[in-house]
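What follows is one structure encoded as C-alpha cells, with my remarks underneath.
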Amino acid sequence: MAELRAPRGMHDLLPDDETLFEHVVSTATRVARSFDYHLVRTPIVEDARVFLRTAGDDSDIVSKEMYVFEDRGGDRLALRPEGTAGVARAYLEHGMASRPQPVRLFYWGPFFRYDRPQAGRYRQLHQFGVECIGDPSPEADVEVIELQREIYRALGLTDLVLRVNSIGTPATRRAYEEALREHFRPHLATLSADSRRRFETNVLRILDSKEDAAHEALRTAPSILEHLSVEDMAHWDRVCALLDELDIAYEVDARIVRGLDYYTHTVWEFEPRAAGGQSTVGAGGRYDGLIEAIGGPPTPGVGWATGIERLMLNLTAAELAPVAPPLDAVTVPLGADGAAACARVAASLRAAGFAVRNGTPGRSMRAALRAADASGARFAVIIGDREAAAGTVQLKPLVGGGEQVEMPVLEVPTRLRDAQA
RNA sequence: GUGGGUGUCGCCUAGCGGCAAGGCGCCAGGUUGUGGCCCUGGAGACCGGGGGUUCGAAUCCCCUCACCCACCCCA
C-alpha cells in the first residue's frame, strides 16, 4: 500500500474511467449547446460568503459540509460546494443583466463537500449544470427540465423518474411553515431530535427526514401545494401543463423541498426507477431570491445540476458506457534507421489526423508486435533498415483478415483512411 | 457524527499457528524481421501499522489506521 494516498473521498480518474467521464461531459455539452446554452467557468474557490448568504444556515452544505479556509491574505474562502451561487455571482459581477435576457449558461467541474464518503457520494464530486437567469416564466422552468431530460436521453438513460413539486414564493412558504409548525407542534415529543431542531430552524426540512418518514405526523402533514397563493398556483399549473405538452412524464411529490434555502416555486429531482441509497442523479429548481441574497437586484433564475459520477455509475450498470476509440496504428521500429523513420512516419500520420503510438525501439519484432496487438491498434507500421532505405513501410492489419503489404510511406495515410470506411 | 464489513505483489484471490502460493497484468525468451492461442523463465509482497501470546504469527488477542457499505444528507 502506497504511503501517500488521494485524500479521503477524493479519487483519481484513470484513463479507463476518463473515457466515460468525457462521454458524459461531451454529450451534455452538445445537448446544452443545442438549446443555446453557453459554457461559463467560475473559480473552484469563492469568497465563503457567496455560499453562506445563499444556501441557508441550516442547510447541510453550510452547517457541516463546506471546506472553508483562510488564505495567506486573511480572506475567508470556500471550495465551492455547489454551482449555482458562483454562477449567480459571475452574472452579477459581469453585468449580465444588461445582456439579452434570459442568460443561458452551463458549467461543469469539481465540487467539494466534507461528507462521509460512501457509494456514489464523494468529497470531490463533479457536476454538470445549467442556469437560465432572467426569465421568471414557467416556460423557463420547463425548458431547463426538458434540456436535462434530453441529456439523459442522449446518454441512453430513459428509465429515470422525474419528481416535481412547487414550494411557492417566500411569502407563501412562510405561511406554509406556520401551518406546518401548528401541525407538528403536538407531535414534537415523538419526533427525532433532528426534526425537533429543524422545527426551530427550518421546519420545511422535517419533511425531508427519512428517520421520521414513517411517522404519522409526516404522513398527515399538510401539502405545500394546498398553501400556494393564486400566483404560485398559476405558475405551477403552467409548469405541469407545459410538461404534459412536451410529453415529459413526471410525478408530483409534495415532499421534495430541496436542501438549499434559495429555491422558490418549481423544484425537481431525477432518480433511477430502482432507487437505492445515494440515487438522485440530478436535481434542480427555481431560485428567484438568490441574486438578491448576494447583493444584486431581484432577478429570477432557474437551473439544475447533475452528478457526473452518479451518471457514470448508472451508465455502467446499464452497460451504456462507450468503449474508447481504437488507436489507428503502432509503429514497429527495427534497427536505428528504422527507428528514425518510424518517428518521421508517426509524425506525418498524426498530422494527417490519425492516432499513432510510436513503438519502443530496441525490442524484438515479436515483442513489438505483441505490444502492438495489445494496444488494440488497427495497423502495425513496420519499418526496418531495409524499408527505411527504400522509403517504404510494411503495413500490417492487426484486426480482421488482410495481408501485410509493403508500400511507399506516402501511400500509408490513404490506406488507413480507406480502411476506416 | 452513528453503526456494520474488509485489509495478503499493480489487480483478483488461496493460505487461517510451521519455508507466503496461484490467476490476470508487466518484462524477456520459444534460432533469420512477424501479433493473438500455447509453452518457458523473470521481476514484483517488511501479509495496512504498532504491541502482545508462542519455540514459532499473514494466521490467535489488544490497540490503531485506512478503505468500503449503510444511516444522516445529498449530486
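Below, chains carry the letters A, B, ... as their sequence lines are ordered, and counting in each starts from 1.
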Exercise. On a whole-Å scale, what distance lies between the P atoms belonging to B/U53 and B/G10?
Worked result: 32 Å
Problem set entry | Salt-bridge present (A/Glu143, A/Arg104; N to O < 4.0 Å) | yes
Seminar exercise, completed: From the candidates B/G29, B/C73, B/G35, the one with an atom nearest any side-chain atom of A/Ser364 is B/G29
Exercise. Does a donor on one side chain and an acceptor on the other come within less than 3.5 Å for A/Thr299 and A/Glu292?
Worked result: no
Exercise. Given B/C69, B/G35, B/G33, which nucleotide is nearest the side-chain atoms of A/Asp373?
Worked result: B/G35
Problem set entry | N-O pairing of A/Arg174 and A/Glu177 below 4.0 Å | no
Exercise. Would you say a side-chain N or O of A/Gln394 is under 4.0 Å from OP1 or OP2 of B/G33?
Worked result: no
Problem set entry | Side-chain N,O (A/Arg121) to OP1/OP2 (B/A75) below 4.0 Å | no
For this session: Please state whether the phosphate of B/A66, meaning OP1 or OP2, lies under 4.0 angstrom from any side-chain nitrogen or oxygen of A/Arg5.
Result: no
Exercise. Does a nitrogen or oxygen in the side chain of A/Arg116 sit under 4.0 Å from OP1 or OP2 of B/C72?
Worked result: no
Exercise. Taking 4.0 angstrom as the limit, do A/Arg76 and A/Asp47 come out as a salt bridge?
Worked result: no
Exercise. Hey, is the side chain of A/Gln118 poking within less than 4.0 Å of OP1 or OP2 on B/C69, counting only N and O atoms?
Worked result: no
